[in-house]
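Convention: sequence-line order gives letters A, B, ...; per-chain numbering from 1.
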Protein chains: 2
Amino acid sequence: MDNKEIEQKLESKNVKPTAMRTLVYKTLAETGKALSLADLEQRFEKVERSTIFRALKTFEENFIVHPVDDGSGSVKYAVCDDECTCNIHDLHVHFYCTRCGRTRCMKELPIPNIKLPEGYTYDNAQFIINGVCPRCD
Amino acid sequence: MDNKEIEQKLESKNVKPTAMRTLVYKTLAETGKALSLADLEQRFEKVERSTIFRALKTFEENFIVHPVDDGSGSVKYAVCDDECTCNIHDLHVHFYCTRCGRTRCMKELPIPNIKLPEGYTYDNAQFIINGVCPRCD
DNA sequence: TTAAACTTTGCAATAGTGTTGCACTAACTT
DNA sequence: AAGTTAGTGCAACACTATTGCAAAGTTTAA
């Protein structure tokens with residue numbers, strides 16, 4: 001994915017494509033995995049933690065990435081599909097490998113429909129499966 | 001639930017029922033909700049954070065409580081059913097109310113069976129539903 | 001084209017959660 | 001009762017997430 005494309009992508013979601021944001025997005029997109037703030041920080045030492053943090057927050061607010069709390073202690077972020085608005089229909093299962101610590105979006109597995117008891121309403125969900133991925137098996 | 005019962009309960013799970021542990025268990029059982037370390041700390045100011053922390057860890061290791069990471073930033077703990085061994089069959093959905101911040105075990109809703117792609121194995125899962133509970137609606 | 005206004009970035013500081021080492025005390029063993 | 005083991009309290013620390021502020025960069029608009 002080249003920079004032009006990324007810039008267009010960000011603009012289409014009403015986020016000004018600064019150099020830092022483009023870099024953060026590019027890393028997330030190319031890695032194809034959910035990455036934490038610390039993961040990103042390591043990949044480009046020169047960039048400030050808070051800058052990355054704010055980029056992620058901006059992305060999150062504009063449905064460019066979605067957060068995944070896989071229980072590893074830090075929230076990770078993964079790029080959304082184009083049409084994603086992060087509502088209940090866009091949600092999918094995430095797989096957390098307890099060996100390598102990598103988190104993968106299972107976009108092919110939407111979150112199953114749940115019938116809650118009377119009186120409960122919901123608009124979001126997290127479904128994390130913990131196990132061992134093919135690479136670690 | 002009186003102290004005798006709690007002591008028996010803990011003993012049946014091979015945990016020595018000290019005063020602190022009994023207190024922590026009692027609070028969790030009576031509240032009937034998932035509580036975080038900070039929640040518990042607030043309820044009895046005199047007890048040390050680390051003591052509660054270690055009680056919870058001990059409980060967790062012995063399948064007396066199960067952890068719930070509801071995305072609120074701190075892990076909560078809820079009492080297990082009697083026969084629970086915290087394996088995949090004992091898992092259930094948790095409901096996190098985004099208004100009041102309370103987390104409830106939906107024991108009546110077991111985690112649905114998921115067919116993962118080839119090569120993945122799993123032994124644990126967290127399914128958190130975020131929304132508004134009847135009390136807050 | 002230049003000043004004002006706004007946005008983004010870097011830095012430093014802070015709050016909160018989770019966790020551990022160590023010393024003291026309580027409980028259990030023989 | 002002395003020795004051993006387990007539990008508790010305290011202090012310290014690591015790490016994640018987050019914010020205020022000032023400097024740098026960008027955009028707007030006279």
Residue pair B/Glu41/B/Lys16 against DNA chain C: nearer the 5' end by closest nucleotide is B/Glu41

Can you say whether the rings of A/Phe59 and A/Tyr25 are parallel (under 30°), tilted (30 to 60°) or perpendicular (over 60°)?
perpendicular

Which nucleotide wins on minimum distance to the side chain of A/Ser74, given the candidates D/dA17, C/dG10, D/dG9?
D/dA17

Taking CZ from B/Phe44 and C1' from D/dG9, how many angstroms apart are they, rounded to a whole number?
15 Å

Side chain of B/Ser50 only, heavy atoms from C-beta on: which candidate in C/dA12, D/dA11, C/dG18 is closest?
D/dA11

Identify whether A/Val68 and A/Tyr96 are in the same connected component of the hydrophobic contact network (ILVMFWY, side-chain heavy atoms under 4.5 Å).
yes

Length of the CG-P vector between B/Asp39 and C/dG18, whole Å
10 Å

Which of these nucleotides, D/dT18, D/dG9, C/dT9, is closest to any side-chain atom of B/Val47?
D/dG9

Nearest listed nucleotide, side chain of A/Phe53, among C/dG18, D/dA17, C/dT17
D/dA17

With the side chain defined as heavy atoms from C-beta on, A/Arg54 is closest, among C/dT9, D/dA17, C/dT8, to C/dT9

CG of A/Leu56 to CG of A/Leu40, rounded to nearest 0.5 Å, is 6.0 Å

Counting the atoms with a prime plus P, OP1 and OP2 as sugar-phosphate, which does B/Lys57 contact under 4.0 Å by heavy atoms, base, sugar-phosphate, or nothing?
sugar-phosphate

Within the structure shown, what part of the strands sits under 4.0 Å from B/Thr18 by heavy-atom distance: base, sugar-phosphate, or nothing?
sugar-phosphate

Nearest to the side chain of B/Met20, which nucleotide is it out of C/dT19, D/dA17, D/dT8?
D/dT8

Plane angle bin for A/Tyr120 and B/Phe95 - parallel if under 30°, tilted between 30 and 60°, otherwise perpendicular
perpendicular

Quick one: label B/Arg49 by what it contacts on the DNA or RNA (base, sugar-phosphate, nothing), any heavy atom closer than 4.0 Å.
base

